Amino acid sequence: MIEIIAISGSLRAASTNSALLAALAANAPDDCRVQVYDGLGRLPIFNPDDEGERTPPEAAGLIEMITRADGVIVSCPEYAHGVPGGMKNALDWLVSRDAAVGKPAMLVHASPRSLYAREALAEVMRTMSFALYEERALEIALLGKKPAEMEAILAEDANRQAMREAVQGFARFIGANMASSF
């Protein structure tokens, strides 16, 4: 079983990014388990003085989840042409750890407009040594949709198939990375 952690860069209750990740988890292939991380808003602001024995429990939990996971999927909005602070803060907690090094990661998108954040997030994750799966990006346009509209779009057969195929491709990438690390 391939274990994947999914992180939404949005704290909004009716987040399109969170809805996309929940649908991805529900439509994952049988050999993959996608667990959506819901602690982004509870992470304290990163402070290098709080690393090691002083790492706050919520940050330690995130680090452990990423360490144990076979891969990470991120769906992130764009705020003022950048990565939201909460998402960057989560990544900052991983910077001086080995959790991200060589960890397969895939970015998925709920908006066709988040081009600046996509590039910025990819750059930050590459710099942290995540192994980015860039073969095919999953984008399902949910921007501006109400929860019922998002649900209907995500339930469409074509979108469910696209989500399954995206996770299957990512799972193959994870498998290839696992095989090359031995």
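Along the sequence shown, residues carry numbers from 1. Quantities reported herein were computed from a predicted structural model and do not represent experimental measurements.
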Are a donor atom and an acceptor atom from the side chains of S96 and E51 found within less than 3.5 Å of each other?
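Judged by distance alone, the side chains do pair up.
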
Return yes if a side-chain donor-acceptor contact under 3.5 Å exists between N17 and S8, otherwise no.
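The answer is no; no qualifying pair exists.
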
Would a single hydrophobic cluster contain both [Y] and [X], if residues Ile, Leu, Val, Met, Phe, Trp and Tyr are joined by side-chain heavy-atom contacts under 4.5 Å?
X	Y	value
I73	M125	no
I66	V108	no
L21	M65	no
Y79	L107	no
V36	V74	no

For [X], does the [atom1] atom have more than 12 heavy-atom neighbours from other residues, nucleotides or ligands under 6.0 Å away?
X	atom1	value
L143	CG	yes
Q161	CD	yes
R113	CZ	no
N47	CG	yes
E151	CD	no
E134	CD	yes
R126	CZ	yes

With a 4.5 Å limit on heavy-atom distance, are the side chains of [X] and [Y] in contact?
X	Y	answer
P84	S10	no
L121	L91	yes
T16	S111	no
L20	M163	yes
L62	L43	yes
L154	L142	yes
M106	L138	no
W93	D50	yes

Return the orientation label for the Y133 and F170 ring planes: parallel under 30°, perpendicular over 60°, tilted otherwise.
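The arrangement is tilted - the two ring planes meet at 30° to 60°.
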
Minimum heavy-atom separation for [X] to [Y], with atom names?
X	Y	result
G71	I174	CA-CD1, 3.9 Å
P29	Q168	CG-CG, 3.3 Å
T67	A99	OG1-CB, 3.3 Å
F46	N89	N-OD1, 2.7 Å
A60	T55	N-CG2, 3.7 Å
K103	V72	CG-CG2, 4.0 Å

Can I63 and L94 be said to form a side chain to side chain contact (heavy atoms under 4.5 Å, CB included), step by step?
CA-CA 6 Å; I63 294 161; L94 301 171; 3.8 Å; yes

When rounded to the nearest 0.5 angstrom, what is the spacing between [atom1] in [X] and [atom2] in [Y]?
X	Y	atom1	atom2	answer
I4	R33	CD1	CZ	10.5 Å
I140	H109	CD1	NE2	11.5 Å
R164	C32	CZ	SG	12.5 Å

Check this for me, if you would: do E139 and R118 make a salt bridge, where the nitrogen-to-carboxylate-oxygen distance has to be below 4.0 angstrom?
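Yes, this pair counts.
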
Please test L11 against L40 for side chain to side chain contact (heavy atoms under 4.5 Å, CB included), starting from the C-alpha separation and ending with a verdict.
CA-CA 7 Å; L11 298 176; L40 194 69; 3.9 Å; yes

For the pair N27 (side chain) and R160 (backbone), establish whether a donor and an acceptor sit closer than 3.5 Å, ignoring hydrogens and angles.
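Between the backbone of R160 and the side chain of N27 there is no qualifying donor-acceptor contact (under 3.5 Å).
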
Quick check: does any side chain N or O of E58 sit under 3.5 Å from a backbone N or O of P44, one acting as donor and the other as acceptor?
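Here the side-chain-to-backbone pair does not exist.
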
